[in-house]
Each structure stands twice: as structure tokens, then as C-alpha cells.
There are 2 protein chains.
Amino acid sequence: MDIEQFRKAGYAAIDSICDYYSNISNVPVKAQVQPGYLIDQLPKEAPENGQEFDEISKDFGKLILPGITHWQSPSFFAYFPSNSTFECMLADLYSASVANPGFNWICSPACTELEQVVVEWAARMLGLSENFWGSSGIGGGVIMGSASDSAFTAAIAAREKALRQLSIQNGVKPAENGQVEIPDSIRQEYGQKLVVYGSTQTHSIGAKSALMLGLPFRAIPVSAEDQYSLRGESVKEAIEKDKQDGLVPFLVYATIGTTSTGAIDRIGEIGEVLKEYPTVFLHVDAAWAGVANALPKYRESLRLQEVNEYADSFCTNFHKWGLTTFDCSIFCVKNRQDLTQALDVTPSYLRSKEADAGTVIDYRNWQPALGRRFRSIKLWFVLRSYGIQGFQKHLERGIEHCDELAKVVESSKNFEIVTKPSLSLLVFRLKPSSTTAVQVDDDELNIINQRLYTNLDLRYDVFLSQTVLHSKESNKFVLRLAMGGVNTTFKDVEKTWKIIEEEGEKVLDDWEKQKKELEIES
Amino acid sequence: MDIEQFRKAGYAAIDSICDYYSNISNVPVKAQVQPGYLIDQLPKEAPENGQEFDEISKDFGKLILPGITHWQSPSFFAYFPSNSTFECMLADLYSASVANPGFNWICSPACTELEQVVVEWAARMLGLSENFWGSSGIGGGVIMGSASDSAFTAAIAAREKALRQLSIQNGVKPAENGQVEIPDSIRQEYGQKLVVYGSTQTHSIGAKSALMLGLPFRAIPVSAEDQYSLRGESVKEAIEKDKQDGLVPFLVYATIGTTSTGAIDRIGEIGEVLKEYPTVFLHVDAAWAGVANALPKYRESLRLQEVNEYADSFCTNFHKWGLTTFDCSIFCVKNRQDLTQALDVTPSYLRSKEADAGTVIDYRNWQPALGRRFRSIKLWFVLRSYGIQGFQKHLERGIEHCDELAKVVESSKNFEIVTKPSLSLLVFRLKPSSTTAVQVDDDELNIINQRLYTNLDLRYDVFLSQTVLHSKESNKFVLRLAMGGVNTTFKDVEKTWKIIEEEGEKVLDDWEKQKKELEIES
């Protein structure tokens with residue numbers, strides 16, 4: 001494709017994206033395809049000869065779009081939102097136009113420096129303390145591909161930090177530059193005794209990080225009474241038990257805004273407990289809710305001050321509710337050496353005079369992989385185009401929708417809100433009120449809610465998520481509706497709610513019928 | 001930004017990219033900026049109010065482009081190429097327009113299925129055996145962000161596989177579905193005794209993967225005589241030594257096309273050796289050279305048949321020499337369960353009826369992170385737009401340039417080719433021939449080549465890499481010139497070579513002068 005062909009194909013691409021967004025409210029949110037739909041339509045091998053781009057781009061509409069679940073649909077309420085904005089589409093285009101693997105500053109100085117700047121913009125906007133800012137010279141932030149990457153990177157940093165501490169405790173002297181070499185004997189003795197902690201509500205990235213390191217993950221029970229928040233005393237109990245067994249706690253994953261219910265772990269309590277265990281690193285995963293710190297009035301409930309005081313690292317995904325197209329996970333640490341001491345491997349072909357002089361950041365040493373995309377431009381475009389106020393308005397709209405919906409659910413005869421609404425996330429279940437004809441035992445509630453979810457999941461015009469709330473008291477099967485879409489209005493929320501109500505009604509009617517039949521039979 | 005504003009800004013973005021590429025031959029390849037150039041120009045905080053997109057996009061040209069090192073410049077010869085094509089820029093734009101985190105099939109069926117299809121297209125085009133194809137139902141491939149991610153994922157899979165085998169050896173019975181649960185006692189006993197192997201020429205991602213797992217990496221010495229290839233007997237020797245020390249070998253990283261010289265490890269020899277060590281997983285990193293398997297006549301020298309016979313996993317980056325904009329690393333395994341058994345963690349909120357029914361792939365279980373971008377569309381566009389023949393022509397051009405340049409260097413009086421040219425990579429150094437006036441001892445060669453590199457590195461119109469070749473015989477400081485750029489002609493290669501020759505001449509003149517001065521002084 002030459003430059004003029006690109007211009008033509010580029011305009012056409014822009015036009016087709018305009019068409020897509022003009023029409024996005026009119027198509028079902030969920031892809032209406034069956035497994036294998038695309039595999040069956042495509043040839044088994046790449047074509048021998050090149051094809052016209054016109055033909056190829058037409059196939060995007062013909063073959064790909066039917067298999068797209070529309071995360072930007074105003075009716076998308078599953079998982080968490082994955083906001084995408086026009087600004088970011090253009091940013092990704094610009095980024096691809098100057099594509100480079102970005103591992104060193106010299107790969108493209110703009111990429112490293114813009115990332116340093118916008119990550120600090122983000123940190124300041126969210127009220128993270130100066131310790132997390134890159135300009136502190138000690139802490140700093142980096143853009144990762146996902147909260148998983150952030151959590152896993154924190155885990156590696158935490159493990160190495162704990163092993164360095166254990167090395168010192170065992171008589172290893174730091175070198176002149178302060179670096180501590182971990183002797184093999186320390187790895188042999190402690191490497192497999194390390195333990196990761198989180199709660200039963202911690203996102204699976206916690207358990208997966210531990211699995212990847214080959215270490216155990218303790219899913220500490222929480223209580224429905226505490227709104228599924230992890231408490232300090234439970235952490236202490238779990239750690240103490242392991243210590244008695246000769247194990248070494250090295251990492252706690254605390255969550256601000258759990259996936260299931262948006263629960264906020266008690267960071268202050270946990271932080272106080274961890275003071276007694278200096279080998280433990282505290283990573284705060286605020287993947288979804290963290291961006292809401294842009295609204296000062298929510299900072300207290302988001303325990304921002306506690307995060308600033310106690311967390312070693314913090315992550316929030318602007319690619320969820322933060323208007324920034326996937327991928328843009330902000331990962332901040334109070335001590336950048338926690339990362340570089342765990343991840344810096346520099347062979348001769350990766351050396352540069354700028355890094356040797358210590359005047360630049362080479363971000364490859366802040367992350368597991370070598371190569372990295374130019375992601376910061378997305379966040380730069382978003383924060384400039386929306387401004388802090390525009391960003392705040394977007395968040396407020398999601399929260400308002402949730403508040404409004406909460407009122408509707410509260411006044412509904414067949415549903416109950418299960419946990420306190422958390423920002424833009426509502427967790428509810430089918431539960432006929434005592435005044436209705438249909439009566440359902442507590443034990444049966446999980447069954448009817450599973451039925452309701454199954455029926456909703458068979459539809460294409462509605463998309464929300466299921467989850468199971470494990471607590472000390474019970475296991476509840478519930479539904480979640482996550483608001484905060486860029487294109488969502490309250491009318492869209494109402495439309496989906498109406499469908500849920502109708503499907504709920506049907507489930508209860510069937511339940512009633514089934515019960516009567518059983519009574520007749522018995 | 002509304003739809004019509006996006007249309008306008010989109011056209012403008014396309015136009016500015018056209019301008020960029022129209023002019024790319026006329027600007028120096030390396031960014032002409034000093035550390036901090038951008039940080040100093042940007043405000044410390046995000047703006048309070050939104051700004052006009054016109055203004056923002058102008059800043060891309062004004063602030064960002066000056067800090068871009070032009071990897072698509074025809075004069076880019078550093079590291080390895082990072083090809084970017086117009087097709088991929090559009091693909092990234094389309095991908096951003098339907099952005100979703102892609103962790104499950106239902107997130108957007110098109111994303112998962114297109115990936116299954118194009119990864120198999122790639123595997124077939126490269127001559128990988130059916131065992132690596134997804135359609136085998138047993139093996140299969142996935143697109144990762146980088147060769148680091150692929151190598152690290154292989155490491156996790158390898159560790160878990162080794163521990164499962166050790167569990168069975170220690171009496172653990174597989175469950176009915178064949179799954180083996182690794183008891184904690186096995187992790188305690190063997191977890192920290194595992195060892196990773198590669199050569200001194202293995203990319204730093206080998207050592208970094210081991211570091212991330214907290215396990216030792218053995219950089220096995222190679223010989224200049226063997227063209228820096230890792231030999232089977234050296235692997236055997238290293239493994240035997242560790243076994244005598246009670247350690248457990250579990251992973252060998254073999255390389256097809258090392259970064260420093262494009263060396264091809266002896267996969268067949270290594271594979272035969274590993275037959276005696278069933279706990280060892282063989283990952284073949286062909287990050288750069290692997291795509292050249294698209295040219296059948298190079299398959300023998302790339303040891304493709306040996307890869308097909310012995311490798312457990314294979315990686316090649318289409319985002320290097322393969323016309324596909326970063327990021328697109330193809331990672332294929334012979335047994336997909338090696339991945340899923342190591343990486344599948346499924347909480348209730350990630351369950352889906354399609355996955356429960358076993359009719360779809362959820363790619364999150366094939367990789368460390370949960371979220372993933374829609375990368376396959378780039379490779380789909382490239383392979384269709386170029387066709388296999390167009391893809392092959394692109395590769396051939398890079399190889400031809402290297403062959404041509406090799407002739408020039410061979411006939412040059414001041415330079416020598418250090419290792420046999422490998423595809424499109426030439427490794428050389430300044431070494432005046434015996435007939436020239438300037439004489440340099442073997443020991444002094446490293447010094448003058450370092451000087452040459454330093455001087456070249458101070459220029460902005462030329463960009464190549466340094467490396468040090470560690471071998472049993474010596475450590476040589478050499479220069480590398482990696483061809484294969486999309487926009488590079490042989491004239492561009494010649495232009496860079498002329499600069500290298502001139503700078504070489506200067507270094508030698510200075511060397512001569514310095515020597516004479518020393519003689520006079522003494």
C-alpha cells in the first residue's frame with residue numbers, strides 16, 4: 001500500500017468507524033454468533049497473492065463486526081466498562097504510525113518522556129501522594145498492559161525485596177551502591193516459603209500471580225457484614241498461622257473496588273498490621289475504582305489517604321472506566337528501585353550512553369517484557385481533550401446512573417440490592433418481597449438467580465455479569481450491573497432493567513408453576 | 001469529540017501520517033533531543049478544562065515527532081527492524097474502534113477466532129508442523145505482546161510441567177481427567193532446585209525470565225569457531241553438572257537467530273541430549289529470524305525440521321522483520337494444556353456458557369495477563385494485503401541488501417566481517433588489513449571499535465548497534481547492522497556504510513596520531 005492508497009483507505013476507515021458509532025445504539029450489545037462462526041468462514045491458509053485493501057476492509061464489516069461484542073454500546077453492563085474514545089482511536093493510529101518497541105529511552109525519547117509526564121498527571125489528578133510521582137526521583141509510575149501485569153510485576157518486586165531483607169537479616173552486607181545481592185542459599189532456604197495474601201474477593205489476578213510464581217495464595221475470608229471488605233485482623237490471623245508453620249509472608253493484595261461487589265478493603269487496618277511484618281509488600285489493586293479518586297468527594301470512601309500512607313504500589317486501569325482505550329493500566333510505586341532491582345538485565349546490545357549516564361529512564365527495567373507500545377499518547381489525548389473536569393463529569397454520570405437504578409431496584413417488588421452500591425456498580429438479585437404471592441426460601445434464591453442469569457445470557461440485547469459472593473456467612477449467587485459506559489444514558493440503563501424485570505417475572509412464574517406441579521404430584 | 005469532529009480529526013491524522021512518510025527519508029533517523037526535552041516542555045498537571053483537538057494534534061507534530069527515533073526510516077539499522085506498515089496502522093485503528101479486553105471468547109468472538117485463524121496461517125506459512133497448529137486440537141498458537149512474554153510464558157508452563165512430572169515420579173496419581181495436582185511438598189522440595197539454560201548469546205529475556213521466576217540461568221559458553229551456536233554437548237555438560245549438585249533442569253532456551261550475530265543454535269543436537277532429561281522443556285526463540293522460514297530455501301539453515309521435531313514451543317515476532325506493527329509475537333506450543341494447566345484461573349465472574357461447554361478458547365488461559373488487545377487484525381491485514389509472495393519478497397530484499405553489503409565490507413581495506421552474515425544481519429568491525437599503514441594489535445581492536453561506535457552514536461543520521469561477542473576464545477566488541485526495513489533500499493544501506501567508513505577512517509587516523517605522539521614522548 002503506498003501513501004496515496006493509505007490516504008484513501010484511511011479516510012474510508014474513519015468513515016466506517018463513524019458509521020459504526022452512528023449505529024451502535026441500534027444493534028444488540030452481544031455478538032450474535034455461535035462458536036466457530038469465523039473459523040468456518042475463513043480459508044485455512046494465507047493467500048498466495050496480495051489482495052486489494054478495499055476487499056480486505058470490506059471483510060472487516062462483513063466478517064469481523066458480526067462477531068464483535070459491543071463494549072461501547074450504551075447497553076453494555078457486563079464485567080466492568082472498557083471505555084474507548086475517539087481521541088484514543090486516533091492516538092492508537094498516531095502511535096502505530098511511529099511504531100517502535102520502546103524498550104530504551106533512545107528507541108524514541110518522546111515515548112518514555114510522555115509516559116513519565118502523563119502518568120504523573122494521572123497520579124496528581126487522582127490525589128496520589130508525591131511519593132508515587134516520578135518527579136520525586138524515588139517513586140514513579142509506568143503504563144502497563146493490564147492490572148494483571150501490574151499485580152504480577154508488584155509480586156516479583158515484592159519477592160525480591162523480601163529476599164533482600166532476608167539476606168541482610170542473614171548477614172549479607174550491601175554493596176557500596178546499596179545493592180544487595182541475594183545469595184543462592186537464601187533463595188534455597190526461603191524461595192519456596194513465601195506466601196501471597198488477598199481475600200476471597202480479590203480478583204483472580206491475585207491467585208494467578210501467585211500461581212505464576214509457584215507460591216501459595218491465601219484467599220482470606222471476608223464477611224457480608226463488612227460489605228466483603230478485607231479486615232486487618234483477618235490478615236493478621238492468616239499471616240500468624242503461616243508464620244507458625246515456618247512460612248514467610250511477602251505480599252498482600254488489597255483491593256479498592258473488588259470485581260464482584262466493588263468492596264473497599266480496609267487499607268488502614270491492613271497497613272497497621274503489616275508494620276509488624278517488614279518482609280510484606282502491600283500492593284493496592286484499584287483497577288476499576290481507582291480512577292474515581294479524580295472526584296475528591298469519593299476519596300475518603302476509597303481510602304485514598306490510607307493508600308498514600310501504607311501502599312508500596314498502586315494500580316488503576318484508565319482503560320476501564322477512565323475513557324482510555326484498552327490498554328492503559330497505571331502502575332505507581334513508592335520506590336522505583338523495587339522494580340529495577342528485580343527487573344534490570346542489561347546486555348551490551350541494550351546499553352546506551354544516556355542510560356549509562358543515568359539521565360534517562362529505560363522503562364524495560366520497570367516491567368517484565370523488553371518491548372512496549374507507545375501507550376501514553378492515549379492518556380495524553382484523553383486528559384487534554386476532556387480536561388480534569390470533563391473526566392470528572394464522565395465519572396459522575398456513571399455514579400448517578402447507579403444511584404438512580406438503586407432507587408428503582410429498591411422500590412421493585414421482586415429484587416433486592418445485595419451490597420451497598422459502589423460508585424457505578426450495582427449488585428442485586430431476584431428476591432420476591434414478603435408481600436408477593438411467590439415465596440422463595442433463602443436456600444432457593446441461588447437457584448432462581450442462576451436461572452435468571454441463564455435466561456438473560458441467552459439474549460443478545462442485554463449483557464451483564466454473574467458472580468458468587470463467598471463470605472463467612474454464605475455463598476450468594478448474584479447479578480452485577482456495571483455502569484460507566486461512555487455512550488450510556490439512564491434511558492439505556494432503564495431499558496436493560498426492564499428486560500431484567502421481565503425475565504425475573506418469568507423465572508418466578510415458572511418457579512411457582514413448578515412448585516404447584518410438585519405439590520400436585522406429591 | 002463527537003462523530004463529525006472525529007471524522008475531521010481522523011482525516012487530518014491520516015493526512016499528517018501521509019506527510020510523515022513522504023518526508024521520512026529526509027530527516028535524521030535518530031531523535032535529535034536531549035534527556036528531559038519533553039518533560040521540560042509539558043505542564044506538570046493535566047489541564048482543568050478540555051482543549052480543542054486541533055491544538056492537541058498539532059502538538060503531536062510539534063512536541064512528539066522531534067522526540068521520535070524513526071524506526072521506519074530507510075536508514076534505521078540498529079537492534080532489529082520493527083517494521084510498521086500502513087495496513088497495520090489501519091488495523092490498529094479498527095481494533096481501537098471495537099476495543100475490548102478480549103479475555104474470553106464472548107468478549108468478542110471475532111477477536112479470539114481471528115487470532116486462531118491467522119496464527120495458524122502464520123504457522124503454516126513458516127512451515128511449522130501440524131503439531132503446532134490450533135486445528136490439531138492439541139497444539140496451537142497465540143499472539144503475545146513480545147518475545148519476552150512468549151519466553152516467560154514458556155518458562156511458567158515448563159516449570160509446572162516439570163513439577164507435575166516430579167509429582168508423578170513421587171507417587172501422585174493423576175485425576176480422572178488426567179490432571180495432576182502438584183502437592184505442596186513437591187513444590188517445597190523441588191521448587192527452588194529448578195534451573196534454566198541458554199547460551200551466553202541467548203537474549204537477555206532468557207536471564208530475565210529466570211530472574212522473574214527466582215531461578216538460576218546458566219549462560220552456557222559458545223565458541224566463535226561454531227559461529228556462536230549452542231551445541232548439544234555443552235548443554236549436556238551444564239545439565240550434568242547441575243544434576244550432580246542435586247538440581248533439576250527444566251527449561252532450555254534455544255535461539256534461531258541470536259540478537260548479537262544471528263547465530264542458529266544446534267536444535268537437533270540439543271533435542272537429542274534432552275531426550276535423556278524428560279523434565280526439560282525446549283523453547284525455541286526465533287524472535288527475529290523465525291519469519292524467514294517463510295522462504296523455504298532458508299529452512300534448512302534455520303533448522304526448521306529440528307524445531308518441528310524437538311521444540312515444545314516456538315516464538316517468532318512478526319513485529320520485527322514481519323511487516324506487522326509492534327506488537328505481534330507469535331507463540332506456538334505443541335500441547336496447549338502446557339499453558340492452560342499452568343495459567344487457568346476461573347472465578348465465577350469469568351465463567352461463560354461457551355467455555356463451560358468446552359466449545360471455545362478463552363485466550364486468557366494461554367497467557368499471564370487477563371486482558372488482551374485485538375492484535376490478530378494486524379497480521380490478517382498484512383498477510384492478505386501482501387500475500388505470501390509479497391511477504392517473501394520483503395524478506396528477500398533484506399537478505400539481498402545484506403549480501404550486497406557483505407561484498408562491500410569484504411573488499412574494504414579497514415573492516416572485517418566478524419561472523420558469517422545471517423540473513424539480513426551483518427556483524428563487522430574495524431580492522432585494518434595488513435597492507436594498510438595503520439597497524440592495530442588484536443587486543444587493541446576492541447578499543448578502536450568502541451571509539452568508532454561512540455562516534456557513530458553521537459551522530460543522528462546513522463543508527464546501528466554495538467555488541468560484545470563472548471565466546472570460549474575471546475570477547476570481541478563489534479558492530480551490527482540489521483537490514484530488513486520496509487522502506488530501505490540498497491542506496492540507503494550504502495549511505496550509512498559510507499558514514500561508517502568515514503568515521504572508521506577518522507578513528508584510525510586518530511589512533512595513528514596518538515601512537516606517534518606516544519612514540520615521540522617516550
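Chain A is the first sequence line, chain B the second, and so forth, proteins listed ahead of strands; every chain is numbered from 1.
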Select one option (side chain, backbone, both, neither) describing which atoms of [X] are under 4.5 Å from chain B's heavy atoms.
{"X": "A/Asp40", "value": "neither"}
{"X": "A/Gln116", "value": "side chain"}
{"X": "A/Arg159", "value": "side chain"}
{"X": "A/Tyr94", "value": "both"}
{"X": "A/Ile3", "value": "both"}
{"X": "A/Ala342", "value": "backbone"}
{"X": "A/Glu354", "value": "side chain"}

Is [X] close to chain A through its backbone or its side chain, or both, or neither, when contacts mean heavy atoms under 4.5 Å?
{"X": "B/Asp184", "value": "neither"}
{"X": "B/Gln188", "value": "both"}
{"X": "B/Phe152", "value": "side chain"}
{"X": "B/Leu343", "value": "both"}
{"X": "B/Met89", "value": "both"}
{"X": "B/Phe374", "value": "side chain"}
{"X": "B/His319", "value": "neither"}
{"X": "B/Asn317", "value": "neither"}
{"X": "B/Arg351", "value": "both"}
{"X": "B/Gln367", "value": "backbone"}
{"X": "B/Phe381", "value": "both"}
{"X": "B/Ser84", "value": "side chain"}
{"X": "B/Leu383", "value": "both"}
{"X": "B/Glu160", "value": "side chain"}

Do the ring centers of [X] and [Y] come within less than 6.0 Å of each other?
{"X": "B/Tyr20", "Y": "B/Phe60", "result": "no"}
{"X": "B/Phe103", "Y": "A/Tyr79", "result": "yes"}
{"X": "A/Phe463", "Y": "A/His70", "result": "no"}
{"X": "A/Tyr21", "Y": "A/Phe86", "result": "yes"}

Hits for ring-ring contact (aromatic ring centres under 6.0 Å, His included) against A/Tyr11, two or more places apart or cross-chain, chain-then-number order -> B/Tyr11
Out of [options], return the one with the most heavy atom pairs under 4.5 angstrom to chain A.
{"options": "B/Ile205, B/Thr454, B/Ile56", "value": "B/Ile56"}
{"options": "B/Lys353, B/Lys193, B/Arg364", "value": "B/Lys353"}
{"options": "B/Leu215, B/Leu63, B/Thr112, B/Leu114", "value": "B/Leu114"}
{"options": "B/Pro368, B/Ser465, B/Ala31, B/Gly371", "value": "B/Pro368"}
{"options": "B/Ile68, B/Asp2, B/Leu370", "value": "B/Ile68"}
{"options": "B/Ile17, B/Ile156, B/Thr359, B/Val468", "value": "B/Ile17"}

Can you find a side-chain donor-acceptor pair between B/Gln51 and A/Arg384 that sits under 3.5 Å?
yes
For residues B/Asn83 and B/Thr85, is any side-chain donor paired with an opposing acceptor at under 3.5 Å?
no
Atom [atom1] of [X] and atom [atom2] of [Y]: how far apart are they, to the nearest 0.5 Å?
{"X": "B/Cys111", "Y": "A/Ile64", "atom1": "SG", "atom2": "CD1", "answer": "8.0 Å"}
{"X": "A/Leu90", "Y": "B/Phe53", "atom1": "CG", "atom2": "CZ", "answer": "4.5 Å"}
{"X": "B/Gln192", "Y": "A/Glu189", "atom1": "CD", "atom2": "CD", "answer": "11.0 Å"}
{"X": "B/His470", "Y": "B/Ser260", "atom1": "NE2", "atom2": "OG", "answer": "7.5 Å"}
{"X": "B/Tyr349", "Y": "A/Thr259", "atom1": "OH", "atom2": "OG1", "answer": "4.5 Å"}
{"X": "A/Asp92", "Y": "A/Ser97", "atom1": "CG", "atom2": "OG", "answer": "11.0 Å"}

For chain B, find which of [options] contributes the most heavy-atom pairs closer than 4.5 angstrom.
{"options": "A/Gly102, A/Gly145, A/Ala9", "result": "A/Ala9"}
{"options": "A/Pro109, A/Ser82, A/Ser146", "result": "A/Pro109"}
{"options": "A/Ser209, A/Pro66, A/Ser108", "result": "A/Ser108"}
{"options": "A/Val360, A/Ile39, A/Ile377", "result": "A/Ile39"}
{"options": "A/Val117, A/Thr325, A/Leu65", "result": "A/Val117"}
{"options": "A/Gln389, A/Arg480, A/Glu120", "result": "A/Gln389"}

NZ (A/Lys44) with more than 12 external heavy atoms under 6.0 Å
no
Any donor-acceptor pair under 3.5 Å linking the side chain of [X] with the backbone of [Y]?
{"X": "A/Asn104", "Y": "A/Leu350", "result": "yes"}
{"X": "A/Asn100", "Y": "A/Val98", "result": "yes"}
{"X": "A/Ser22", "Y": "A/Cys18", "result": "yes"}

Does any part of the side chain of B/Lys30, heavy atoms only, come nearer than 4.5 Å to the side chain of B/Asp457, both counted from C-beta?
yes
If you define the side chain from C-beta out and look only at heavy atoms, does anything of A/Lys378 sit under 4.5 Å from A/Asp327?
yes
